[in-house]
Enquirer: 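Pasting a structure here, questions to come.
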Amino acid sequence: MDRLPFPDDLIRAQQQWHDTYRALTAPRPRRTTELRRRLLALSVRIHWHPFWATPPGRTPAACVELRQRTAADRTQVAA
């Protein structure tokens with residue numbers, strides 16, 4: 001199966017979203033308000049990105065693939 005051509009800024013935003021979420025799930029995180037605001041801002045940036053208005057972005061599988069690809073990249077980096 002071909003991989004979707006996600007824009008670099010969308011991939012970076014999703015990776016930052018994963019990083020921020022992980023920081024919030026750490027035991028006794030610091031700066032929780034700042035992290036929650038960042039997570040919300042990244043969520044808005046991802047949700048309203050122009051890619052979702054293109055034909056490849058209109059498929060339901062596109063959002064899932066973006067999350068899986070960026071989460072997989074992060075676990076490989078951490079390993």
Side-chain angles (χ1 to χ4, degrees):
M1 183 172 142
D2 293 333
R3 296 179 90 177
L4 290 174
F6 293 111
D8 291 337
D9 63 326
L10 181 57
I11 291 173
R12 275 193 306 275
Q14 186 67 49
Q15 288 170 337
Q16 292 171 357
W17 189 96
H18 284 295
D19 293 342
T20 305
Y21 187 82
R22 283 189 193 94
L24 271 171
T25 61
R28 301 177 72 185
R30 294 182 177 193
R31 306 178 347 253
T32 56
T33 302
E34 179 184 330
L35 289 171
R36 287 179 181 164
R37 286 180 180 158
R38 178 157 174 73
L39 194 64
L40 181 60
L42 287 166
S43 296
V44 169
R45 187 183 314 164
I46 292 165
H47 181 76
W48 291 106
H49 194 280
F51 172 77
W52 304 120
T54 65
R58 287 190 197 118
T59 63
C63 188
V64 174
E65 183 180 338
L66 176 65
R67 284 192 217 129
Q68 288 176 344
R69 188 186 309 178
T70 56
D73 290 346
R74 293 325 229 185
T75 55
Q76 290 172 359
V77 170

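Position 1 is the first residue of the sequence, and the numbers go up from there. These values consider heavy atoms only, across backbone and side chains, with no hydrogens, waters or symmetry-generated copies.
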Enquirer: Should Trp17 and Leu24 be regarded as members of a common hydrophobic cluster, given that ILVMFWY residues are connected when their side-chain heavy atoms come within less than 4.5 Å of each other, either directly or indirectly?
Expert: yes
Enquirer: Would you say that Phe6 contacts Glu65 through its side chain, given a criterion of any heavy-atom pair below 4.5 Å between the two side chains?
Expert: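 In contact.
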Enquirer: Measuring from Phe51:CZ to Arg58:CZ, what's the distance to the nearest 0.5 Å?
Expert: 10.5 Å
Enquirer: Within this structure, what is the CG-CZ distance for the pair Asp9 and Arg45, rounded to the nearest 0.5 Å?
Expert: 8.5 Å
Enquirer: Please find the pair of heavy atoms, one from Pro29 and one from Ala23, that lie closest to each other, and give the distance.
Expert: CB-O, 3.4 Å
Enquirer: Output the distance between atom CD (Glu34) and atom CG (Leu39), rounded to the nearest 0.5 Å.
Expert: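 It comes to 12.5 Å.
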Enquirer: Are Gln14 and Arg69 side-chain neighbours, meaning at least one heavy-atom pair lies under 4.5 Å?
Expert: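 The answer is no; the side chains never approach within 4.5 Å.
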Enquirer: Nearest 0.5 Å, please: how far is CD1 in Ile11 from CD in Gln16?
Expert: 12.0 Å
Enquirer: Atom CH2 of Trp52 and atom CG of Leu66: how far apart are they, to the nearest 0.5 Å?
Expert: 5.0 Å
Enquirer: I need the minimum non-hydrogen distance between Leu42 and Ala13, along with the two atoms involved.
Expert: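 Shortest heavy-atom contact: CD2-O, 3.9 Å.
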Enquirer: At what distance, to the nearest 0.5 angstrom, does OG1 of Thr70 lie from CG of Asp19?
Expert: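 Those atoms lie 9.5 Å apart.
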Enquirer: Please report the shortest heavy-atom distance between Pro56 and Ala62, naming the atom on each side.
Expert: O-CB, 3.6 Å
